[in-house]
2 protein chains.
Amino acid sequence: MVKIVDVAREAGTSVATVSRALNNNDRVDPQLAARVRAAAEKLGYRPNHLARSLRRQRSNLWLLIISDIEVSFFTSVARGVEDIAVANGYSVVLCNADEDETKESQYIQLAAAEHAAGVIISPHSTQTQIDRLAADSIPVVVIDRSIAAPVDWVMVDSRGGALAATEHLIRQGWQRPACVTGPRSAETAMLRRLGYEDALRAAGIRTRRVAHRSFHLDGGRAGAASLLDRDRPPDSFFVANAALALGVLQELHARGLRPGRDVGLICFDDAPWAPFIDPPISVVAQPAYRIGTQAATLLVDRIGGTADAAPRRVVLGTDLILRESSVHP
Amino acid sequence: MVKIVDVAREAGTSVATVSRALNNNDRVDPQLAARVRAAAEKLGYRPNHLARSLRRQRSNLWLLIISDIEVSFFTSVARGVEDIAVANGYSVVLCNADEDETKESQYIQLAAAEHAAGVIISPHSTQTQIDRLAADSIPVVVIDRSIAAPVDWVMVDSRGGALAATEHLIRQGWQRPACVTGPRSAETAMLRRLGYEDALRAAGIRTRRVAHRSFHLDGGRAGAASLLDRDRPPDSFFVANAALALGVLQELHARGLRPGRDVGLICFDDAPWAPFIDPPISVVAQPAYRIGTQAATLLVDRIGGTADAAPRRVVLGTDLILRESSVHP
DNA sequence: CTGAAAGCGCTAACAA
DNA sequence: TTGTTAGCGCTTTCAG
């Protein structure tokens, strides 16, 4: 391992000058700086981030903690985050909390222990504890779901999107829309349910048909099954995310019910496969990449700026993409 | 920030003893150790990984560098890796190289700069340079694709899986199978092509219908289009991964060709949506989770063991899952 | 079994 | 503008 003192010796100068030349370049003789860079190059010098971060008390590493890596929404977000981060000299690593509270808290610990420069997180629940980060004054930006702490966040208008989707179902002529959503602990699950209920209320439909399940395929299947087993089963479904929708589709298929003919179906979040399902699925699309860039921009500001500025909140709109699954025959 | 010296003061002992008590516990008086732990607990002490790693010259962090996070195969691998890593006291973070050589090399640099304990990587190409890691004696395990360096790796039998898939197509009665695969630089792309050709050879089919494209939806669409525009177009497709398959489906749909009726279709890698496509897609399934656990196990051994032991190679078999898309009417 | 002290590689006062 | 040097927080000899 070649270290800074080796470069100093090679360039015939001191470690301080090497450090200065290789970093900000602030007030070091251009010729000397060039010599230093040449020496560093020749020796293949790579700064040791550990030592640097320990000394500086801050690193260049961001942790992006996402609640479920299998959700393509998050992978698009990640791309947005990364593009902005890299442009500002940070590296981003991903942590998959897998909707598991324990894993999530371990990653939060990790961010603190590794002295991350910043954290972007889609919290498992509104109760997710980020005190560990606040205590070490590591800036945090929350995405997708909100949290019981005064931090910056970026979200989509879940309630509005759900309202639009359910309204669409009703306008198509479906009479008894149901809502299959995530666990009560997930704010997006609740907001999407509320949007669904807004639409029912506006249309004067009294019966709420709601199933809360885990945000997974199995949850979708179970939710749809329980709803369909009721006395007056739903004739259409607003589903709160893509994984759930896959489960709902499975259950519909098992019962010989075809979306766009026997039942209506629309879901939140546009998955890459949604246009290829039989029939193609209508969705509420989220601006995932833009959520990532927005969150990253907030984080860059927060790292550079004053810690005690008031939290900033960004809410992005959704787009309704209509395909065949929601058509009323 | 509470540090080790604070704990020492609280416990009425020295930093050395605190360090020992909090780590291996090796030959520390049990009573003293208990006092130390109590003090650490009381003060909310968290070790600073940066300082520890700098001193020890090794960290507990693994980097898992994957070539495309949108491929669900990799997310399952990640889960397998993580389970083993955590069980052995390591933390793992994900890096998405996005099939981009530059990003990949930046992550390799990052692993070196952060003194990662180990790296698991699905390399962008056989030419991926991991010298940076070898130079810092950071153990590496390669997955999914091989690489021009003597390292441990874990792969699936791509060629065998491709052979089985293509044989199945032929046995169904399809006469002119084609192969839509990834770029020549990707070893899996080549191996799957070779397996396809093995099957044609065995069946005495002379005409090779092959399209190499990028491992993405667009590539699949373009590949299928170019094949279908030939003089004697294929009547069936073996597709080298799930993203490509989506593109192929798109092109077939655009031409009014229905899999399992007008054409045969089977693809490598079982995606979560594969059973829900119209018609459900036949696939070659990979033991993704097991690839992750195997790779992680190799890495644990390698970190603990001697660096110069001969590289170990693991090849896992694939499973053919037959659904409707490959049926010959 | 415990403590004192020497660094890990780097940056940032402080001096020159 | 450059160099000397004191740590960042921790682990690990080496003495005791």
Side-chain angles (χ1 to χ4, degrees), chain A residues 1-37 39-40 43-61 89 109 112-117 135-138, chain B residues 1-37 39-40 43-61 89 109 112-117 135-138:
Chain A
M1 153 163 303
V2 28
K3 34 206 214 190
I4 208 169
V5 53
D6 302 318
V7 178
R9 193 176 304 118
E10 176 75 22
T13 182
S14 72
V15 293
T17 302
V18 174
S19 175
R20 283 190 282 251
L22 262 28
N23 288 309
N24 2 338
N25 250 0
D26 82 314
R27 61 188 88 247
V28 27
D29 181 79
Q31 253 185 315
L32 217 198
R35 215 164 73 229
V36 167
R37 275 191 295 273
L43 267 41
Y45 169 73
R46 305 283 165 196
N48 181 328
H49 287 199
L50 255 30
R52 169 186 294 177
S53 300
L54 177 60
R55 177 61 229 242
R56 280 195 180 159
Q57 298 287 60
R58 64 199 157 83
S59 76
N60 285 304
L61 198 63
Q109 299 279 358
E114 300 285 340
H115 289 251
D136 288 9
S137 49
I138 296 176
Chain B
M1 152 164 302
V2 26
K3 34 206 216 191
I4 206 168
V5 55
D6 302 317
V7 179
R9 194 175 304 119
E10 176 75 23
T13 181
S14 73
V15 294
T17 301
V18 173
S19 174
R20 282 189 282 249
L22 262 29
N23 289 309
N24 0 339
N25 250 3
D26 81 313
R27 62 191 88 244
V28 176
D29 179 79
Q31 253 186 317
L32 217 197
R35 216 164 73 228
V36 167
R37 274 191 295 274
L43 267 40
Y45 169 72
R46 307 282 166 197
N48 182 327
H49 287 198
L50 255 29
R52 167 185 293 176
S53 301
L54 177 59
R55 177 59 230 243
R56 281 196 179 155
Q57 298 286 63
R58 64 199 157 82
S59 75
N60 285 304
L61 198 65
Q109 300 278 358
E114 299 286 341
H115 290 252
D136 287 8
S137 47
I138 296 176

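So that the names make sense, note that chain A is the first sequence line, chain B the second, and so on, each numbered from 1.
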What integer distance in Å separates [X]:[atom1] from [N]:[atom2]?
X: B/Arg46; N: D/dC10; atom1: CZ; atom2: P; answer: 13 Å
X: B/Asp6; N: D/dC10; atom1: CG; atom2: P; answer: 9 Å
X: A/Met1; N: C/dG9; atom1: CE; atom2: P; answer: 6 Å
X: B/Arg9; N: C/dT2; atom1: CZ; atom2: P; answer: 20 Å
X: B/Asp29; N: C/dG3; atom1: CG; atom2: P; answer: 11 Å
X: B/His115; N: D/dC10; atom1: NE2; atom2: C1'; answer: 15 Å
X: A/Leu43; N: C/dG9; atom1: CG; atom2: P; answer: 14 Å
X: B/Ile4; N: C/dA4; atom1: CD1; atom2: C1'; answer: 14 Å

So, for [X] and [Y], which heavy atoms are closest and what is the spacing to 0.1 Å?
X: B/Asp136; Y: A/Met1; result: OD2-CE, 4.5 Å
X: B/Val7; Y: B/Ala40; result: CG1-N, 3.8 Å
X: B/Leu54; Y: B/Gln57; result: O-OE1, 3.1 Å

Could you check if a side-chain atom of B/Leu50 sits within less than 4.5 angstrom of a side-chain atom of A/Glu114, using non-hydrogen atoms only?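 They are in side-chain contact.
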Would a 4.5 Å heavy-atom cut-off, applied to side chains only, mark B/His115 and B/Ser53 as touching? no
With a 4.0 Å cutoff (strictly under), does any side-chain N or O of [X] reach OP1 or OP2 of [N]?
X: A/Thr13; N: D/dG3; result: yes
X: A/Thr17; N: D/dT2; result: no
X: A/Asn23; N: C/dT11; result: yes

Of the listed nucleotides ([options]), which one gets closest to any side-chain atom of [X]?
X: B/Arg52; options: D/dT1, D/dC10, C/dT11; result: D/dC10
X: A/Val28; options: D/dT11, D/dT4, D/dT2; result: D/dT2
X: A/Ser14; options: D/dG3, C/dC10, D/dT11; result: D/dG3
X: B/Arg56; options: C/dC10, D/dC10, D/dT12; result: D/dT12
X: B/Gln57; options: C/dC8, C/dG3, D/dA6; result: C/dC8
X: B/Arg55; options: D/dT11, D/dT2, C/dT2; result: D/dT11
X: A/Leu54; options: D/dC8, D/dC10, C/dC1; result: D/dC8
X: B/Lys3; options: C/dG9, D/dG9, D/dT2; result: D/dG9

How many angstroms lie between atom [atom1] of [X] and atom [atom2] of [Y], to the nearest 0.5 angstrom?
X: B/Ile138; Y: B/Ser59; atom1: CD1; atom2: OG; value: 8.0 Å
X: B/Thr13; Y: B/Leu32; atom1: OG1; atom2: CG; value: 5.0 Å
X: B/Arg55; Y: B/Asn48; atom1: CZ; atom2: CG; value: 14.5 Å

With the threshold set at 4.0 Å, does a side-chain nitrogen-carboxylate oxygen contact exist between B/Lys3 and B/Asp6?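 No, B/Lys3 and B/Asp6 are not salt-bridged.
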Which is more 5' along DNA chain C, the nucleotide nearest B/Ala51 or the one nearest B/Gly12? Just name the residue. B/Gly12
Base, sugar-phosphate, or nothing for B/Leu32, non-hydrogen atoms under 4.0 angstrom? sugar-phosphate
Can you sort out the partners of B/Ser19 under side-chain contact (heavy atoms from CB on, under 4.5 Å), two or more places apart, ordered by chain and number? B/Ile4, B/Asn23
For the helix from C/dC1-D/dG16 to C/dA16-D/dT1, what angle separates the axis at the start from the axis at the finish, each from five pairs, in steps of 10°?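 Between the axes fitted at each end of the helix from C/dC1-D/dG16 to C/dA16-D/dT1 lies an angle of 40°.
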Give me the distances for all protein-to-nucleotides 13-16 of chain D N/O pairs that come in under 3.5 Å?
none

Does any N or O in the side chain of A/Arg35 come within less than 3.5 Å of the main-chain N or O of A/Ala11, such that one atom is a donor and the other an acceptor?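 At least one qualifying donor-acceptor pair exists.
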